[in-house]
Amino acid sequence: MNPAELSASLLAIVSAMLERRGATQTLTIDDVALERPRNRDHGDWASNIAMKLAKPLGSSPRDIAAEVTAELESVAGVASVSIAGPGFINITLDAAAAGEIARTILDQGEVYGRNEGLAGQSINLEFVSANPTGPLHIGHTRWAALGDSLARVLRASGATIATEFYINDAGNQMDNFGASILAAARGLETPENGYPGQYIADLASRVVQLEPNLLILADDEALAVARETGYRLQLGEIQASLERFNVHFDVWFSERELHAIDQATGQSAIDSAIDRLRVQGHVFDADDAVWVKTTDFGDDKDRVIRRGNGIFTYFAADAAYYLSKSDRGYTHKIYLLGADHHGYVHRLKALAGSAGDDPERDIEVLIGQLVSINGARLSKRAGNIIELNDLQAWLGTDALRYSLGRYPADSPLTLDPELLQKRTNDNPVFYVQYAHARTHQVARNAAASGVTREVFDASLLTHETESMLLGILAEFPRVVLQSAELREPHRIARYSEELAGAYHRWYDNCRVTPLGEETVTDTHRTRLWLNDATGIVLRNALGLLGVSAPERM
RNA sequence: GCGCCCGUAGCUCAGCGGAUAGAGCAAUUGACUACGGAUCAAUAGGUCGGGGGUUCAAAUCCCUCCGGGCGCACCA
């Protein structure tokens with residue numbers, strides 16, 4: 001008996017009651033979703049359906065609850081039902097029914113937690129998308145951790161998903177980047193609007209090594225070589241950093257593709273994007289420029305897409321890029337952006353609308369708050385920019401991914417770099433990983449003591465800490481789906497901490513291996529199932545966060 | 001000025017309109033000749049920024065004020 005099955009039983013009972021009372025409304029499984037009561041004395045699962053139906057049915061919540069309770073009590077696996085407070089229906093399962101989840105988990109293994117809640121959706125998830133003109137810093141790192149975990153959670157919920165990194169490799173900043181490298185190679189000062197920093201000097205020497213001619217080429221040619229070679233090297237650095245961080249992108253999309261002229265049509269993707277928006281009736285000409293009427297979709301002013309001098313704005317590439325995603329078959333386009341880009345939300349939504357898509361359904365822009373260091377915002381001037389590579393060296397991938405992944409994106413995050421460098425155990429990731437390692441230690445000890453899994457009798461799992469642990473294990477698939485639906489992968493981290501805590505408390509109270517001369521009983525054997533099931537769920541949860549699950553620490 | 005996000009324990013932060021608001025860290029006190037003490041048990045710590053409103057029920061939804069972050073380009 002898992003919560004989904006119990007919900008289904010409850011739904012049938014409540015629906016029948018509605019029919020008896022002649023009510024016209026119908027309920028879905030979501031209306032009867034069960035929650036785990038905060039207080040253990042309230043049972044294993046609780047429903048607030050009686051209170052929700054009180055008004056439409058015109059009777060008191062407790063009366064409705066009583067009617068439902070009478071039938072719930074006869075459901076197989078339900079030990080007792082009680083009504084509490086304003087009308088909560090509290091359900092306690094018998095131990096055997098509750099314990100079945102351990103068998104289910106061992107049967108399903110690494111698949112346990114996956115669900116089909118988002119089946120049929122084809123999602124493009126874009127995140128990080130840093131300029132290839134410098135290393136990734138802590139801000140990018142947060143989106144990398146969250147975006148990658150979100151992708152895993154969406155995939156686990158049945159969605160087809162592609163993660164995508166948009167490379168801003170067109171435009172002025174690439175020339176500034178190239179000029180900075182060239183100046184460094186020539187031993188000159190950083191040019192105006194150039195990029196400062198040691199990494200430019202490092203890139204310059206690598207470029208010179210690869211292209212020894214650089215220093216004798218004419219300016220134009222040298223600039224191109226510095227820019228292109230530097231670009232290739234820097235992008236390689238970014239890709240390597242992300243791979244080390246366990247973050248994978250399915251598509252690396254170059255902005256240059258959008259500017260490239262198709263030989264057959266004589267048009268670029270941007271040209272045809274503007275044409276397509278124009279056909280939809282959202283493009284107009286004014287003051288020598290070409291505009292998109294984004295105010296039709298909630299923007300506070302219309303946006304220029306092509307300047308009077310014929311040069312496209314950045315917005316034009318955005319338009320072509322959005323259409324590219326649609327053309328490639330993605331029904332949902334999710335953008336994960338930093339708060340410093342939230343001004344783009346309206347115009348991105350307007351693009352979807354202008355293209356004939358539904359701005360509410362087809363495009364989602366998730367805005368993440370910026371990371372601050374000891375309360376100060378990050379800036380080059382303040383000298384407190386921290387690179388992904390440094391963070392990784394201090395903390396390691398697991399601790400870094402976990403500490404960035406356990407907070408919701410819209411929560412402002414303050415980090416203390418001194419604390420990060422200490423690598424202390426106050427990071428909850430160690431608590432969770434230790435719980436996982438402990439499940440394996442227990443399994444090793446069990447094997448050594450002759451405790452096997454040849455018997456599973458769930459009715460023996462009667463200790464208070466066992467029913468608590470079973471309840472949490474049973475919730476995992478729903479937590480995964482909820483994380484996917486709400487786009488909140490941090491829920492997986494919070495869940496794994498709760499599970500680890502319940503496991504540690506169980507471990508303290510219930511032995512898997514017998515003491516001394518005691519004989520092995522079915523209780524020991526059955527507990528080994530529970531132990532192993534917990535290990536599987538911890539590993540699956542950590543996997544969704546891109547964090548390893550060590551068997552020893 | 002306008003817009004978006006945030007304000008919860010000393011600190012960092014959880015908390016899909018539900019029961020007595022939680023966790024970790026920090027503090028105090030206990031538990032190893034018992035599967036690994038990277039653990040567990042217990043104590044202490046709160047006007048959920050202030051004020052209105054909706055609701056059987058508000059930290060959660062609405063309005064307003066105060067505080068903080070970030071944006072308001074024919075830049076990328």
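Chain letters run A, B, ... following the sequence lines, proteins first, then strands; residues in each count from 1. Hydrogens, waters and symmetry mates are skipped; everything else that's a heavy atom, side chains included, is used.
Between D300(A) and R303(A) a salt bridge is recorded (basic side-chain N to carboxylate O distance below 4.0 Å). Residues R21(A) and E67(A) are paired through a salt bridge, judged by an N-O separation under 4.0 Å between the basic side chain and the carboxylate. One finds a salt bridge joining E498(A) and R36(A) here, because a Lys/Arg side-chain nitrogen approaches an Asp/Glu carboxylate oxygen to under 4.0 Å. Looking at D31(A) and K52(A), no side-chain N of the basic residue comes within less than 4.0 Å of a carboxylate O on the acidic one, giving no salt bridge. Here R525(A) pairs with D522(A) in a salt bridge; the nearest charged N to carboxylate O distance falls below 4.0 Å. Between D175(A) and R227(A) there is a salt bridge, since at least one side-chain N of the basic residue sits less than 4.0 Å from a carboxylate O of the acidic one.
W529(A) and F456(A) have tilted rings, their planes meeting at an angle from 30° to 60° on a 0 to 90° scale.
For S372(A), no side-chain nitrogen or oxygen approaches OP1 or OP2 of rG69(B) to under 4.0 Å. H490(A) has a side-chain polar atom (N or O) that falls below the 4.0 Å cut-off from OP1 or OP2 of rG15(B). In this structure, R494(A) does not reach the rG24(B) phosphate: none of its side-chain N or O atoms is under 4.0 Å from OP1 or OP2. Taking side-chain N and O atoms only, Y507(A) has a distance below 4.0 Å to OP1 or OP2 of rG37(B). Side-chain N/O atoms of R438(A) include none lying less than 4.0 angstrom from OP1 or OP2 on rA38(B). Between Q482(A) and rC16(B), a side-chain N or O to OP1/OP2 separation shorter than 4.0 Å is absent. Note on Y431(A): a side-chain N or O is less than 4.0 Å away from OP1 or OP2 of rC40(B). Considering only side-chain N and O atoms, T414(A) lies under 4.0 angstrom from the phosphate OP1 or OP2 of rC13(B). Side-chain N/O atoms of N445(A) include one lying less than 4.0 angstrom from OP1 or OP2 on rG36(B). Of the side-chain N and O atoms in K55(A), none sit less than 4.0 angstrom from OP1 or OP2 of rG17(B).
Counting non-hydrogen atoms under 4.0 angstrom, M51(A) reaches a base of the nucleic acid. Counting non-hydrogen atoms under 4.0 angstrom, G308(A) reaches a base of the nucleic acid. Among the atoms of the strands shown, only primed sugar atoms or phosphate atoms (P, OP1, OP2) are found under 4.0 Å from some heavy atom of P408(A). Within the 4.0 angstrom heavy-atom criterion, base atoms lie near N48(A). Residue contacts for A33(A): at a heavy-atom cut-off of 4.0 Å it reaches no nucleic acid atom on any strand shown.
Side-chain atoms of L515(A) lie closest to rA34(B) of the nucleotides rC70(B), rA76(B), rA34(B). Out of rG18(B), rG36(B), rA21(B), the shortest distance to the side chain of R38(A) is found at rA21(B). Side chain of R491(A), nearest nucleotide from rG15(B), rC40(B), rA38(B): rG15(B). Residue R505(A) places its side chain closer to rA41(B) than to any other of rG36(B), rA34(B), rA41(B). Of the candidates rA19(B), rA14(B), rG71(B), rA14(B) carries the atom nearest the S411(A) side chain, counting heavy atoms from C-beta on. Counting only heavy atoms from C-beta on, E488(A) has its side chain closest to rG15(B) among rC74(B), rG36(B), rG15(B). Listed nucleotides rG36(B), rG18(B), rC74(B) differ in distance to D287(A); the shortest reach to its side chain belongs to rC74(B).
For the P atom pair drawn from rG50(B) and rA58(B), the interatomic distance equals 15 Å after rounding to whole Å. The P atoms of rG17(B) and rG53(B) are separated by 23 Å, rounded to the nearest whole Å. Comparing the P positions of rA59(B) and rA19(B) gives an interatomic distance of 9 Å, to the nearest angstrom. On the C1' atoms, rA34(B) is 31 Å away from rA26(B), given to the nearest whole Å. One C1' atom belongs to rG7(B), the other to rC65(B), and the distance between them is 14 Å to the nearest Å. Nucleotides rC48(B) and rA21(B) place their C1' atoms 8 Å apart, quoted to the nearest Å. Using P as the reference atom, rC32(B) and rG45(B) are 28 Å apart when rounded to the nearest Å. rG52(B) and rA14(B) are spaced 28 Å apart, taking the C1' atom of each and rounding to whole Å.
Checked options L146(A), V371(A), V128(A), L400(A); the residue passing with T141(A) is L400(A) (criterion: side-chain contact (heavy atoms from CB on, under 4.5 Å)). Put simply, the residue from Y344(A), F127(A), Y322(A) that forms a side-chain contact (heavy atoms from CB on, under 4.5 Å) with Y335(A) is Y322(A).
Put simply, CZ on R487(A) is 14 Å from C1' on rC16(B), counting in whole angstrom units. As rounded to whole Å, 13 Å separates atom C1' of rC6(B) from atom NE2 of H342(A). For M468(A) and rA41(B), the CE to P distance is 11 Å, given to the nearest whole Å. Across the protein-nucleic acid pair, R142(A) atom CZ and rC6(B) atom P stand 12 Å apart, rounded to whole Å. The interatomic distance linking L413(A) (CG) with rG24(B) (P) rounds to 19 Å, in whole Å. Between Y495(A) atom OH and rG15(B) atom P the separation is 17 Å, expressed in whole Å. Separating the CD atom of E498(A) from the P atom of rA14(B) is a distance of 16 Å, rounded to the nearest angstrom. Across the protein-nucleic acid pair, D300(A) atom CG and rC2(B) atom C1' stand 8 Å apart, rounded to whole Å.
Looking at heavy atoms from C-beta onward, L528(A) lies out of side-chain contact with T452(A) at the 4.5 angstrom threshold. Within the 4.5 Å cutoff, side-chain heavy atoms of F88(A) are placed close to those of N48(A).
Looking at N90(A), its side chain comes within 3.5 Å of the base of rA19(B) through a donor and an acceptor atom. Under 3.5 Å, the side chain of N39(A) and the base of rU20(B) form at least one donor-acceptor pair of N or O atoms.
Of the two residues near RNA chain B, G501(A) and A339(A), the one whose nearest nucleotide lies more 5' is G501(A). Mapping D508(A) and Y434(A) onto RNA chain B via the closest heavy atom, the residue that lands nearer the 5' end is Y434(A).
Where stacking is scored as ring centres under 5.5 Å apart with planes under 30°, Y407(A) does not register as stacked on the base of rA14(B). Residue ring and base: H42(A) counts as stacked with rA19(B) (centre distance below 5.5 Å, interplanar angle below 30°).
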Could you summarise the pairing of RNA chain B as dot-bracket text, marking Watson-Crick and G-U pairs under 3.5 Å with ( ) or [ ] inside the strand and | across strands?
(((((((..((((....[...)))).(((((.......))))).....(((((..]....))))))))))))....
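Using modelled atom types, one finds a donor on one side chain and an acceptor on the other under 3.5 Å when comparing R444(A) with Q441(A).
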